[in-house]
Protein chains: 2
Amino acid sequence: MDDRSLSDQPISTGLQEPSDLQLTDKQWNILDAALAVFTEKGFSAATTSEIARQAGVSEGTIFRHFKTKKDILLAMLVPLIRNTMGPKSVNSLTQMIVKNENLPLREVLLMIALERQEFLTDNQALLRLILTEAQYHPELREVIIGEVAYKSQEQLIRLIEQRQQKGEIRQDLPAWVLVRSFFGMVVVYMLSRVMLTKREAGKDNREEILKIIDLFLNGAAMEK
Amino acid sequence: MDDRSLSDQPISTGLQEPSDLQLTDKQWNILDAALAVFTEKGFSAATTSEIARQAGVSEGTIFRHFKTKKDILLAMLVPLIRNTMGPKSVNSLTQMIVKNENLPLREVLLMIALERQEFLTDNQALLRLILTEAQYHPELREVIIGEVAYKSQEQLIRLIEQRQQKGEIRQDLPAWVLVRSFFGMVVVYMLSRVMLTKREAGKDNREEILKIIDLFLNGAAMEK
DNA sequence: CTAAAAAGTGAGTGATTACTTACATTGTGA
DNA sequence: TCACAATGTAAGTAATCACTCACTTTTTAG
């Protein structure tokens with residue numbers, strides 16, 4: 001009925017990770033429904049009665065398992081970030097970096113950008129919810145920064161420093177400037193693609209991403 | 001009492017622009033209070049009674065002037081974007097571009113980045129509100145894209161094409177790739193600066209921005 | 001000055017909210 | 001089989017919500 005349900009989302013298996021094994025089927029149903037309702041309406045506009053309806057349980061059952069509405073949000077998002085989004089992001093970066101040490105930087109960056117794009121389009125609604133609610137729930141903000149942002153940046157810095165040592169890229173700029181700049185170029189490209197245009201996701205934009213990588217590597221200035 | 005009040009915000013004069021002259025003092029008070037409450041709690045969690053309290057009027061007065069709560073939000077944000085944020089952004093870009101046609105691109109980009117940074121730090125809360133609520137109110141989204149995003153991009157594209165014709169920068173990349181990439185580098189740098197670090201805004205980061213511009217112009221690759 | 005219109009008010013309005021409680025059902029260990 | 005705990009539920013609960021209305025005050029026009 002609801003195609004944004006947790007079970008259809010690429011990220012869904014997150015709630016079944018080790019540290020969440022104590023979750024029963026019913027609790028999982030509730031969090032599944034909560035994801036759908038929260039992503040559609042936002043935390044404040046979502047109601048516990050609608051979550052109950054979509055989960056197929058009574059409202060009392062919800063409050064048997066979760067003390068407050070906010071608890072539902074955090075019980076859903078924090079493990080999702082900590083156990084799934086975070087490791088998924090960081091590990092795929094780590095793998096791509098160590099497995100392709102001898103590939104040209106250009107190729108590695110393309111792989112990273114494409115993987116990032118897939119992740120972003122697959123989990124659009126969820127990411128929007130997380131970033132929106134991070135404004136109002138500091139616990140969320142800390143988990144995102146600590147488990148995803150910081151660790152991902154760390155991996156990319158490793159890649160850059162690896163290539164700096166090989167003499168492939170400039171050593172007169174700190175690695176974090178290169179990392180954040182590349183990240184910014186790619187993410188803003190993808191966001192503006194989604195927001196400003198009607199083009200379908202994942203359609204023949206490999207060439208465009210290659211242009212951005214070209215720009216990142218060779219710069220905008222005319223060659224002398 | 002509330003240091004986020006409209007009258008203290010750099011953008012505040014927006015509501016007094018020509019097309020809003022029909023606003024009375026009381027209406028202005030209400031929108032001023034609405035800005036404070038909406039930015040603090042978000043649209044859904046904000047209550048009309050608190051807006052009334054902060055505006056120093058009764059709740060009935062609010063609904064005498066605005067039909068619904070959503071009307072308050074739009075009556076506040078749409079003119080703010082259309083009459084102030086939009087023109088301010090676009091005009092300052094236009095001026096910097098035409099006034100400095102003979103300055104090195106590096107200098108012009110620095111001016112643009114610094115001006116952007118000032119705008120962003122001065123209007124942080126307001127921008128957060130706008131981007132958050134744009135998710136749920138398509139009218140807002142359209143105004144932002146049409147009045148700010150599209151027109152700003154247009155100006156930057158003009159700058160890039162101007163410099164492409166002068167042979168200063170590469171002509172084998174479409175202007176929009178250069179524009180969005182530069183924008184992404186700068187904005188993500190600023191956001192990560194605000195979110196990940198504790199550094200005070202506007203403090204000695206001129207050098208860092210210059211590094212980003214250097215990267216944009218000359219690329220990450222080792223010079224051959 | 002006056003009368004009508006506009007603006008302001010605070011006490012409602014019914015609907016809805018997150019959450020509770022009293023009770024029923026189910027699962028479990030001996 | 002039975003006692004008891006865990007789980008589930010529908011009908012609450014008080015609070016709060018956006019919004020209205022009957023009425024007073026202020027502004028305006030002739």
Side-chain angles (χ1 to χ4, degrees), chain A residues 6 15-16 20-78 129 132-133 135-137 139-140, chain B residues 6 15-16 20-78 129 132-133 135-137 139-140:
Chain A
L6 205 54
L15 292 175
Q16 295 168 335
D20 308 299
L21 274 183
Q22 70 271 22
L23 284 182
T24 66
D25 281 358
K26 206 133 259 178
Q27 286 175 322
W28 202 87
N29 278 347
I30 293 170
L31 294 185
D32 188 25
L35 174 67
V37 177
F38 282 143
T39 52
E40 192 195 333
K41 314 233 177 172
F43 174 75
S44 267
T47 66
T48 50
S49 74
E50 191 173 349
I51 294 174
R53 214 178 37 77
Q54 287 209 32
V57 301
S58 77
E59 213 170 336
T61 304
I62 285 187
F63 287 98
R64 167 92 50 197
H65 293 286
F66 306 97
K67 260 182 59 176
T68 65
K69 185 177 144 187
K70 176 166 178 171
D71 273 5
I72 304 174
L73 180 80
L74 295 182
M76 177 191 89
L77 288 186
V78 171
L129 173 68
T132 302
E133 297 311 329
Q135 281 183 71
Y136 308 108
H137 308 285
E139 314 89 307
L140 256 187
Chain B
L6 205 55
L15 291 174
Q16 296 168 334
D20 306 301
L21 273 183
Q22 70 271 23
L23 284 183
T24 65
D25 281 359
K26 208 133 257 176
Q27 286 175 321
W28 201 87
N29 277 348
I30 293 171
L31 294 185
D32 186 23
L35 174 67
V37 177
F38 283 144
T39 51
E40 191 194 333
K41 314 232 177 172
F43 175 75
S44 267
T47 67
T48 50
S49 73
E50 191 173 351
I51 294 174
R53 215 176 40 75
Q54 287 209 31
V57 300
S58 77
E59 213 170 338
T61 303
I62 284 187
F63 288 97
R64 167 94 45 201
H65 294 286
F66 307 97
K67 262 181 58 177
T68 64
K69 183 176 147 188
K70 176 167 178 170
D71 273 7
I72 305 174
L73 180 80
L74 295 181
M76 176 191 90
L77 288 186
V78 171
L129 173 69
T132 302
E133 298 311 328
Q135 281 184 67
Y136 308 107
H137 308 286
E139 315 89 305
L140 255 187

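The sequence lines fix the lettering, A, B, ..., with proteins before strands; numbering per chain opens at 1.
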For this session: Please step through side-chain contact (heavy atoms from CB on, under 4.5 Å) for the pair A/F43 and A/H137, ending with a clear verdict.
Result: CA-CA 11 Å; A/F43 174 75; A/H137 308 285; 4.0 Å; yes
Problem set entry | For atom NZ of B/K41 and atom P of D/dT16, their distance in whole Å | 12 Å
Exercise. Does NZ belonging to B/K67 count more than 12 external heavy atoms closer than 6.0 Å?
Worked result: no
Exercise. From the 5' end of DNA chain C to its 3' end, which nucleotides mark the outer limits of contact with chain B, defined by a 4.0 Å heavy-atom distance cut-off (strictly under)?
Worked result: C/dA7 to C/dG10
For this session: Give a yes or no on whether the backbone of A/S44 and the side-chain of A/K69 come within a donor-acceptor separation of less than 3.5 Å.
Result: yes
Problem set entry | Length of the line joining A/I30:CD1 and D/dT7:P, which is rounded to integer Å | 12 Å
For this session: Let me know the distance between CD of A/E59 and C1' of D/dT9, rounded to the nearest Å.
Result: 11 Å
For this session: Tell me what B/A46 touches on the nucleic acid: a base, only sugar-phosphate, or nothing, going by heavy atoms under 4.0 Å.
Result: sugar-phosphate
Problem set entry | Residue from A/V37, A/L35, A/L31, A/V57 passing side-chain contact (heavy atoms from CB on, under 4.5 Å) with A/I51 | A/V37
Problem set entry | Spacing of B/F66 atom CZ relative to D/dT20 atom P, expressed in whole Å | 15 Å
Problem set entry | Contact nearer the 5' end of DNA chain D, comparing B/R64 with B/T68 | B/T68
Exercise. Counting just side-chain N and O atoms, does A/T61 come under 4.0 Å of either OP1 or OP2 of D/dG8?
Worked result: no
Problem set entry | Worked verdict on B/K26 versus B/R64 for side-chain contact (heavy atoms from CB on, under 4.5 Å) | CA-CA 11 Å; B/K26 208 133 257 176; B/R64 167 94 45 201; over 6 Å; no
Seminar exercise, completed: From CZ of A/F63 across to P of D/dA10 the rounded distance in Å is 15 Å
For this session: Let me know, please, whether B/H65 or A/T48 comes out on the 5' side of the other along DNA chain C by nearest nucleotide.
Result: B/H65
Exercise. Which one of B/T48, B/I72, B/T61 satisfies the side-chain contact (heavy atoms from CB on, under 4.5 Å) criterion with B/F66?
Worked result: B/I72
